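From a predicted model like this one, the values you see are computed outputs, not experimental measurements. As a basis for the values below, the full set of heavy atoms in this structure was taken, side chains included, without hydrogen atoms, waters or symmetry mates. Just follow the structure's listing: the first ligand is 1, and inside any ligand the first atom is 1.
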Amino acid sequence: MSEMRLVVVGAAGRMGRMLIRAVEEDPGCRLVGAVERPGSSALGEDAGLLAGVGRLSVPITDDPVQAFRGAEGVLDFTAPAATRAFAEAAAEHNLVHVVGTTGLADADLQALRDTAARTRIVQSGNMSLGVNLLAGLVRKVARTLGTDWDIEVLEMHHRMKVDAPSGTALLLGEAAAEGRAVALAERSVRVRDGHTGAREAGDIGFATLRGGTVVGDHSVIFAGAGERIELAHRAEDRAIFARGAVKAALWAREKPAGFYTMADVLGLSEL
Ligand code: NAD
C-alpha cells in the first residue's frame, strides 16, 4: 500500500515536533502538511527543520483547508477549541483524525462522537501501549476488589502542563469506574482541601503534582485494610505518544467511519 499522507496540526508544539519526527521515521507514511495557529512565529518555517529531521519541504501554514487537501489523516495534539474545529475540517475532507488533545469537556467529546458518524476519529488521553495496557489491568483489579479497597489516582507532569487531572489520569479513573460498574462523574473526587470529613467508600480520588520536566508519571493505588496494591507507569520520552498516534492513523486508514480509542488500535478492548 502507498505511504499514508499525514498532516500534523499544532506542528510547533512539544508534541507537534515529536509527531513530525515519528511520521518521518515510519516508512508507512509521509508528512504532507503542517499547521500552526495564526500569529505563530513558526509560520513559513520548514516543518522538518523545526522538528530537527532535516528539510522536508513542508512549510508550516495557518490554513488547514489548504493543508488538508489531498491528505489522508491528521494528527492533532493541540487544544480543545482547535480540535473541535479540526474535527469538522477533517470530516469535510474525509481524513482520519487522531486526537491526542486533553482537557476535552464532555461537550467536546460529544461533538467528536457526532462528527465520527462521517469519518474515522481515534481519540485517547494517552496514546502509549503501556498506559492502555495499564488501563486494562486497572479495570480488572477494580472489578475484582470490593469498595472496601479505596482507589486513588496519582499523577505528576512537567510545569508547563495546562490541564488537570491529566487526560491519562482520567482515562485510568474511567477504567477503575468501568471495573466497578459505576459512572466516574458520580464518584470522582478531584480536590481535597480543608476539613473534608472522612473518605466515602466507593470514591475514586485524584491527586495532581506539577513540576520540572516530568513527561508523565501515573499510579493507581488500591488501598485496603492493612495492604496496598500500586499499578504504575512512567513515561520517559514523548516519542511513545507520537509513535502511538502514527500507529492509530495507519490502523484507521481502512476502517469504516466511527469513534475509536487506542484500546481498539492495540487490540486491548477486551481486557
Ligand atoms: P504545546 O502547547 O507545546 O503545543 C500545542 C500546540 O498547538 C502549540 O504549538 C499551539 O500553538 C498549537 N495550537 C493551538 N491552537 C491551534 C490552532 N487553532 N491551530 C493550530 N495550532 C494550534 O502542548 P503539548 O505539550 O504539545 O500538548 C498538546 C496537547 O497534547 C495537550 O492537550 C496535552 O495534554 C496533549 N498530550 C496528549 C498525549 C496523549 O498521548 N494523548 C501525550 C502528550 C500530550
Side-chain angles (χ1 to χ4, degrees), residues 7-22 33-45 47 50-51 58-68 74-90 97-105 108-109 112 121-135 155-172 174 208 210 212-218 233-249 260-266 268:
V7 176
V8 171
V9 293
R14 278 177 292 269
M15 279 306 303
R17 294 167 201 234
M18 281 287 165
L19 290 162
I20 293 168
R21 263 176 251 167
V35 178
E36 252 301 331
R37 60 178 166 73
S40 163
S41 59
L43 293 179
E45 280 189 52
L50 187 79
V58 177
I60 296 180
T61 173
D62 61 1
D63 181 357
V65 174
Q66 179 214 322
F68 287 5
V74 54
L75 309 180
D76 176 357
F77 287 56
T78 57
T83 291
R84 273 180 82 154
F86 288 134
E88 196 46 48
H97 187 193
V98 178
V99 178
T101 306
T102 62
L104 298 170
D108 298 323
L109 278 170
L112 292 181
I121 295 182
V122 185
Q123 183 273 333
S124 179
N126 193 302
M127 299 271 170
S128 82
L129 169 63
V131 158
N132 285 282
L133 188 56
L134 176 65
E155 58 117 330
M156 180 161 187
H157 280 85
H158 55 90
R159 62 168 73 102
M160 305 300 284
K161 186 161 177 64
V162 294
D163 54 314
S166 71
T168 304
L170 292 170
L171 183 151
L172 295 171
E174 284 289 355
T208 300
R210 291 284 174 269
T213 54
V214 178
V215 174
D217 288 357
H218 294 86
H233 179 268
R234 312 243 180 274
E236 294 168 358
D237 186 342
R238 283 188 182 81
I240 59 174
F241 310 126
R243 286 197 294 263
V246 169
K247 193 181 176 99
Y260 302 100
T261 69
M262 251 348 244
D264 298 317
V265 175
L266 297 169
L268 299 172

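Contact atoms of ligand 1 toward A82: 15 (N), 16 (C), 17 (C), 18 (N) (distance under 4.0 Å to a heavy atom of the residue).
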Show me the donor-acceptor pairs within less than 3.5 Å that the side chains of residues 236-245 make with the rest of the protein, sequence neighbours left out.
residue : atom : partner : partner atom : Å
D237    : OD1  : A239    : N            : 2.9

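Residue contacts with ligand 1: G13 is placed with a nitrogen or oxygen under 3.5 Å of a nitrogen or oxygen of the ligand (distance criterion only). For a threshold of 3.5 Å applied to N or O pairs, the pair formed by T101 and ligand 1 contains no separation below that value. No N or O atom of V9 sits closer than 3.5 Å to an N or O atom of ligand 1. The distance criterion of under 3.5 Å between nitrogen or oxygen atoms is not met by A79 with respect to ligand 1. Residue-to-ligand polar distances place K161 within reach of ligand 1: an N/O pair is separated by less than 3.5 Å. In terms of polar-atom proximity, defined here as any N/O pair under 3.5 Å, M127 does make such a contact with ligand 1. Any N or O atom pair closer than 3.5 Å counts here, and E36 shares at least one such pair with ligand 1.
Given atom 19 (N) of ligand 1, the protein heavy atom at minimum distance is F86 CZ, 3.4 Å. Among protein heavy atoms, the minimum distance from atom 2 (O) of ligand 1 is reached at R14 NH2, 3.9 Å. Among all protein heavy atoms, the one lying closest to atom 33 (C) of ligand 1 is T102 OG1, 3.6 Å. Ranking the protein heavy atoms by distance from atom 29 (C) of ligand 1 puts T78 O, 3.5 Å first. For atom 44 (C) of ligand 1, the closest non-hydrogen atom of the protein is M15 CG, 3.7 Å. Given atom 7 (O) of ligand 1, the protein heavy atom at minimum distance is G10 CA, 3.5 Å. The shortest contact between atom 37 (C) of ligand 1 and any protein heavy atom is with G100 O, 3.0 Å. Atom 5 (C) of ligand 1 has as its closest protein heavy atom F77 O, 3.9 Å.
Taking the side chain as every heavy atom from C-beta outward, T78 and F86 approach each other to under 4.5 Å. Side-chain atoms of K161 and T102, non-hydrogen and from C-beta on, do get closer than 4.5 Å to each other. Between L171 and S124, the closest side-chain pair of non-hydrogen atoms falls below 4.5 Å.
Each of V35, L75, V58, I60 was compared with V8 under the side chain to side chain contact (heavy atoms under 4.5 Å, CB included) criterion, and only L75 meets it.
Nearest heavy atoms, A263 versus N132: N-OD1, 4.0 Å.
The option with the heavy atom closest to atom 39 (C) of ligand 1, from among A81, G125, G103, is G125.
Judged purely by atom type and a 3.5 angstrom limit, E155 uses its side chain to pair as donor or acceptor with the backbone of S166. A donor-acceptor pair under 3.5 Å links the side-chain atoms of E36 to the main chain of A12, judged by distance alone.
Counting heavy atoms closer than 4.0 Å to ligand 1, residue R238 contributes nothing at all. Only backbone heavy atoms of S124 (N, CA, C or O) come within less than 4.0 Å of ligand 1; its side chain stays farther off.
Taken from CD1 in I121 to NE2 in H97, the straight-line distance is 6.5 Å, to the nearest 0.5 Å.
At a cut-off of 3.5 Å, with distance as the only test, a side-chain donor of N126 or S128 sits close to an acceptor on the other residue.
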Inset, instruction - Just do the side-chain contact (heavy atoms from CB on, under 4.5 Å) check on Q123 and T83 with the steps written out, would you? - result: CA-CA 11 Å; Q123 183 273 333; T83 291; over 6 Å; no

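Using cut-offs of 30° and 60° on the angle between ring planes, the pair H218 and H157 is perpendicular.
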